[in-house]
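First the structure, in the form of structure tokens, and then the observations on it.
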Amino acid sequence: MIPEYDAKAIEAKWQKVWEETEAFKVQEDESKPTKYVLEMFPYPSGDIHMGHVRNYTIGDVIARYSKMQGFDVLHPMGWDAFGLPAENAAIKNNSHPAKWTYANIETQRESFKRMGFSYDWDRTVVACDPEYYRWGQWIFLQFWKRGLVERRNSPVNWCPTCETVLANEQVTEGECWRCHSAVEKRDLTQWYFKITDYAQELLDDLEKLGGWPERVKQMQANWIGRSEGADVDFMLCDIDGNAPAEPSELDTITVFTTRPDTLFGCSFFVVSPEYERLDYIMEGSPFVAEVEQLKEEASKVSAVERAQGNREKHGVFTGRYVVNPINGEKVPVWVADYVVADYGTGAVMAVPCGDQRDFEFARKYDLPIIPIILEKDDPLFEKLDGVSERIVDTVDWENAYEAEGILVQSGKYTGMTGGKHSEAVDAIIEELQSKGLGHKTIQFRLRDWLISRQRYWGNPIPAIYCEHCGLVPVPEEDLPVLLPDDIDLSAGELLATHEGFVNTTCPICGAPAKRETDTMDTFTCSSWYYLRYTDPHNDQAPFDPKKANRWMPVDQYIGGIEHAILHLLYSRFFTKVLRDMGMVDFDEPFTNLLCQGMVKDEKGETMSKSKGNVIAPEDMIARYGADAVRAYILFMAPPDKDLIWDEGGLAGLYKFLNRVWRTVYQLVGSEPSESQSGAEIASEELEKANKALLREMHRVIGKVTADFGRFNFNTAIAALMELVNSISNYLKVPPAQRDADLCAVVARNLVILLSPIAPHFSEELYAEALGGEGSVGDLEWPEFDKALAAADEIEIVVQINGKIKGRVTIPADAAQDDVEPLAKDMLADQLAGKDIKKVIFVPGKLVNIVAK
RNA sequence: GGGGGCGUGGCGAAACUGGCAAACGCAGCGGACUUAAAAUCCGCCAUCUUCGGAUUUGUGGGUUCGAGUCCCACCGCCCCUACCA
């Protein structure tokens with residue numbers, strides 16, 4: 001009797017065995033090559049969802065497979081445990097964020113165990129654990145020492161719902177990444193990590209990341225946003241509009257431009273409403289009221305609206321003028337909302353002829369448009385010929401001319417080629433440089449990383465304000481700065497109002513002093529956790545460089561595309577700084593990156609609690625078992641594509657496991673199969689069947705191995721299904737006639753090949769049906785024998801002019817000379833009267849007769 | 001506006017460097033077993049067909065002996081990003 005496949009009992013049994021035998025403990029075996037398989041650690045917001053299941057199943061298969069291939073595998077798991085949801089839950093439940101966080105961690109940990117994930121639980125990293133965040137503070141202090149920490153005042157993104165500032169990367173389309181509230185601009189003094197110091201390297205090293213998806217690299221490159229151009233100095237005229245005799249620093253207004261070649265076409269000048277020196281410009285101007293009103297209106301326009309693009313542009317004249325450094329011309333200074341404060345210098349030279357935005361603005365406010373760059377055959381050339389006076393305003397234009405062209409009305413540069421990277425750009429920069437009024441420069445879109453948050457549940461910034469000594473770092477020996485437990489968040493208490501936390505003494509002079517009460521962005525925690533896993537219990541340092549260097553960089557990182565910029569960029573930055581500190585000897589943290597697709601509902605919509613379309617993993621485990629869930633999620637789509645949930649498909653994989661179960665028992669037992677007729681078969685036929693099964697087994701070993709290497713788990717499972725179909729076919733042979741040795745080896749290999757996908761199931765079959773010792777996970781991966789997988793005879797296609805006309809069966813090693821006559825013979829009718837031009841023979845595939 | 005990706009049966013998908021399109025599965029249909037159902041097993045399942053074949057990978061063109069795959073144009077969908085000077 002074949003026992004029933006009882007997924008629930010089997011899974012519980014093997015999870016217990018794995019735990020007791022510490023099956024997934026990292027071996028730290030120096031004789032083996034290492035493989036670090038890492039999935040992005042989760043935020044403990046309630047129980048896991050299908051996205052987690054998919055992410056971690058993919059990682060688990062890679063980890064288990066790597067172990068069977070002889071690697072010393074590091075496959076850890078932890079929690080990104082600081083952050084607002086915990087704090088909000090605590091406020092709502094009149095509780096403490098730690099309570100909520102740790103309860104959710106336990107729930108998730110149990111779910112992970114029920115999924116059978118092969119984590120070394122000994123290495124768990126929990127970001128809100130002082131043992132961990134202590135070293136986050138230590139790293140902060142090292143960054144500070146290296147000049148990579150700055151506290152400064154500037155316009156920042158403020159989320160009114162989360163009541164905290166946000167980093168640029170955490171604002172998408174003008175909304176807060178977490179709560180989707182419209183983000184406001186505020187002028188505040190905040191803490192920054194100077195990630196821009198690494199902008200160039202972060203961009204350049206994308207080239208080293210051959211194992212990353214192209215689109216992720218592209219997104220990072222766009223985010224870093226390097227543009228080459230020039231800084232150009234314009235001089236502010238005095239209030240009466242007279243050009244300054246002596247250029248003074250105070251009256252120098254610098255712009256960044258990628259098009260210095262169009263400088264002769266500058267007919268006005270624009271600063272953003274938030275421009276830092278706008279008040280200085282407005283001193284004594286009669287237009288203060290108008291400018292104030294524009295500023296007011298601009299501040300009201302939400303970032304969301306601003307992000308819509310192509311908005312109607314608004315501006316007012318400041319009453320002031322600046323001098324164009326290339327021709328000494330005076331141009332009016334405007335304030336307009338289409339210039340943003342946080343790119344370039346917050347001021348632009350407006351060239352309506354060569355820039356669409358300036359063009360639209362000029363049309364609206366009736367400002368001059370000076371044609372200075374034209375397409376080769378522009379009719380305007382004729383008009384300009386022999387005219388000494390400058391022609392202004394090209395009324396018949398509908399758009400600016402932004403492409404490459406020929407300069408006109410541009411002094412000695414007239415006739416030169418202009419455009420983004422043209423000779424005119426270099427020539428004009430040279431002139432500006434010689435006059436001391438400009439120079440070549442590179443502008444990045446990347447801003448410094450604003451890391452301070454006005455929230456309790458985060459890693460405290462280790463800094464102290466002393467009346468006498470100023471801003472003082474907390475000494476390393478005083479770390480960690482602990483978050484106080486006794487805080488009543490629901491009563492509105494903050495770190496800033498917690499006297500026991502705020503009041504301290506100055507580490508330098510000993511006088512009473514105040515602590516910094518901002519905490520660090522949670523993304524600082526996730527920027528180095530992967531290093532901590534290599535040495536998770538170290539209480540002398542964040543990690544031992546020797547251990548980190550042995551395991552790192554992560555060989556395979558797996559996570560969602562939503563971190564394409566945020567987490568992945570920050571982690572790259574941290575790694576580079578730690579390298580410069582001598583803590584690690586590599587430049588990039590993640591060698592290979594796999595971004596898995598989303599799990600969507602039947603209608604193709606994202607699952608969310610608010611839509612009520614969430615499929616709970618625990619329900620599915622209860623109904624079909626974790627192994628079926630794992631197999632299903634791998635089978636239904638390649639890992640990087642979105643997966644449409646279909647419970648019928650899951651039931652199908654459950655049926656497949658049942659079928660494997662019966663098949664394996666039938667292979668090694670003496671029971672007849674369902675498809676067997678009972679009649680003896682001829683020995684010739686038997687031999688053929690034996691041969692075919694052996695060949696099929698080897699073909700599938702090769703296919704599954706190759707597919708695992710490419711993460712094509714869906715086709716690997718399809719190949720295993722084909723093997724099972726072939727076995728079913730073989731089982732038509734009566735039990736007494738079967739080749740027992742062949743059956744045993746096929747059964748064994750089938751179980752091994754399936755084990756990374758359905759581990760509990762495979763363990764049970766290996767132990768109970770095959771009588772195996774130990775764990776399947778400790779076995780070696782079967783070797784692929786190409787010779788045994790090859791067929792002796794194959795069927796190839798015969799074509800005329802690429803159209804299939806028939807098929808012939810030939811020996812696998814047949815040469816063209818053998819095949820050609822066969823083919824011609826076969827198609828003699830159709831070739832009659834035709835002239836054979838040539839014959840193309842693709843071994844193992846086809847023979848194509850080109851005839852006319 | 002800029003960048004990236006995708007388009008194959010009723011559905012999820014396969015087809016590695018151009019070489020038998022639709023493997024594998026879901027749904028469906030027919031049969032066996034059963035008193036019956038479930039489960040299981042066997043078979044059919046792109047479209048049209050005068051049963052010889054013919055047509056088919058969003059549309060139109062091109063390169064090639066041969067194109068789902070490469071090139072050009074267009075249509076449609078998705079994702080990212082954005083008054084970036």
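Below, each value reflects all heavy atoms present in this structure, side chains not excepted, and no hydrogens, waters or symmetry copies.
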**Asked** Under 6.0 Å between ring centres, would you say that holds for A:Trp449 and A:Tyr570?
**Response**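 Judged by ring-centre distance (under 6.0 Å), A:Trp449 and A:Tyr570 do meet the cut-off.
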**Prompt:** For RNA chain B, what dot-bracket results from Watson-Crick or G-U pairs at under 3.5 Å, with [ ] for crossers and | for inter-strand partners?
**Reply:** (((((((..(((......[....))).(((((.......))))).(((....)))..(((((..]....))))))))))))....
Got a sec, which residues hit side chain to side chain donor-acceptor pair (under 3.5 Å) with [X], two or more places apart in sequence or on another chain?
X	answer
A:Tyr343	A:Ser227
A:Gln596	none
A:Asp6	none
A:Asn848	none

Under 4.0 angstrom, heavy atoms only, what part of the nucleic acid is [X] near: base, sugar-phosphate, or nothing?
X	result
A:Ser227	sugar-phosphate
A:Lys217	nothing
A:Phe656	nothing
A:Arg215	sugar-phosphate
A:Gln443	nothing
A:Lys655	sugar-phosphate
A:Asn725	sugar-phosphate
A:Ile644	nothing

**Message:** In whole Å, I'd like the distance from the OH atom of A:Tyr654 to the C1' atom of B:rA39.
**Reply:** 10 Å
**Between C1' of B:rG2 and CZ of A:Arg445, the distance in whole Å** =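 Spelled out: CZ on A:Arg445 to C1' on B:rG2 is 11 Å.
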With the side chain of [X] defined as its heavy atoms from C-beta on, choose the nearest nucleotide among [options].
X	options	result
A:Phe635	B:rG19, B:rA23, B:rG25	B:rG25
A:Lys805	B:rC83, B:rG12, B:rA54	B:rA54
A:Lys313	B:rG12, B:rC83, B:rA85	B:rC83
A:Arg807	B:rC84, B:rC20, B:rC24	B:rC20
A:Ala718	B:rG12, B:rC24, B:rA85	B:rC24
A:Asp337	B:rA85, B:rC83, B:rC24	B:rC83
A:Asp646	B:rG25, B:rG3, B:rC26	B:rC26
A:Val340	B:rA82, B:rA85, B:rC24	B:rA85
A:Arg662	B:rU40, B:rC24, B:rC83	B:rU40

Is there any protein nitrogen or oxygen under 3.5 Å from a nitrogen or oxygen in nucleotides 14-16 of chain B, and what are the pairs?
from	atom 1	to	atom 2	distance (Å)
B:rA14	OP1	A:Asn714	ND2	2.9

**Request:** Could you check whether the rings of A:His567 and A:His563 sit parallel, tilted or perpendicular, using 30° and 60° as the cut-offs?
**Result:** perpendicular
**Request:** Report the relative orientation of the aromatic rings in A:Trp334 and A:Tyr365; use parallel for angles under 30°, tilted for 30 to 60°, perpendicular for over 60°.
**Result:** tilted
**Prompt:** How should the glycosidic conformation of B:rG5 be described, syn or anti, under the criterion that syn lies within 90° of 0?
**Reply:** anti
**Message:** Give me syn or anti for B:rG52, where syn covers glycosidic angles within 90 degrees of 0.
**Reply:** syn
**Item:** Position toward the 5' end of RNA chain B (nearest nucleotide), A:Val797 or A:Gln218
**Value:** A:Gln218
**Message:** Both A:Lys803 and A:Asn658 contact RNA chain B. Taking the nearest nucleotide for each, which residue is further toward the 5' end?
**Reply:**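 The 5'-side residue here is A:Asn658.
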Show every donor-acceptor pair shorter than 3.5 Å between a side-chain atom in residues 628-642 of chain A and any protein atom, with sequence neighbours excluded, or say none if there are none.
from	atom 1	to	atom 2	distance (Å)
A:Arg630	NE	A:Ile757	O	2.9
A:Arg630	NH1	A:Asp60	OD2	2.9
A:Arg630	NH1	A:Met115	O	2.9
A:Arg630	NH1	A:Gly116	O	3.4
A:Arg630	NH2	A:Asp60	OD2	2.7
A:Arg630	NH2	A:Pro756	O	2.9
A:Tyr632	OH	A:Asp646	N	2.8
A:Tyr632	OH	A:Asp646	O	3.4
A:Asp642	OD1	A:Met598	N	2.8
A:Asp642	OD2	A:Lys600	NZ	3.2

**Prompt:** Is any side-chain nitrogen or oxygen of A:Arg659 closer than 4.0 Å to OP1 or OP2 of B:rC41?
**Reply:** yes
**Item:** Short side-chain N/O contact from A:Lys420 to OP1 or OP2 of B:rC84, under 4.0 Å
**Value:** no
**Prompt:** Taking only residues two or more places apart in sequence, or in another chain, which ones meet A:Arg357 in a side chain to side chain contact (heavy atoms under 4.5 Å, CB included)?
**Reply:**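 Residues passing side chain to side chain contact (heavy atoms under 4.5 Å, CB included) with A:Arg357: A:Lys313, A:Tyr338, A:Asp355.
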**Asked** When you check the side-chain N and O atoms of A:Gln356 and A:Asn399, is any donor under 3.5 Å from an acceptor?
**Response**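 Indeed, the side chains of A:Gln356 and A:Asn399 share at least one donor-acceptor pair under 3.5 Å.
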Show the atom names and distances, to 0.1 Å, of all donor-acceptor pairs under 3.5 Å that link a side chain in residues 801-814 of chain A to residues at least two apart or in another chain.
from	atom 1	to	atom 2	distance (Å)
A:Asn801	OD1	A:Ala851	N	3.0
A:Asn801	ND2	A:Ala851	O	3.1

When you compare the protein's N or O atoms with those of nucleotides 63-65 of chain B, which come within less than 3.5 Å of each other, and at what distance?
from	atom 1	to	atom 2	distance (Å)
B:rC65	O2	A:Asn848	ND2	2.4

**Message:** Run the salt bridge (charged side-chain N to carboxylate O under 4.0 Å, His left out) test against A:Glu722 and tell me which residues pass, sequence neighbours left out.
**Reply:** A:Arg699
**Message:** Considering only residues two or more places apart or on different chains, which pairs with a residue in residues 707-716 of chain A satisfy side-chain hydrogen bond (donor to acceptor under 3.5 Å, both in side chains)?
**Reply:**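 Residue pairs with at least one partner in residues 707-716 of chain A: A:Lys703-A:Asp707, A:Asp707-A:Arg710, A:Asp707-A:Thr715.
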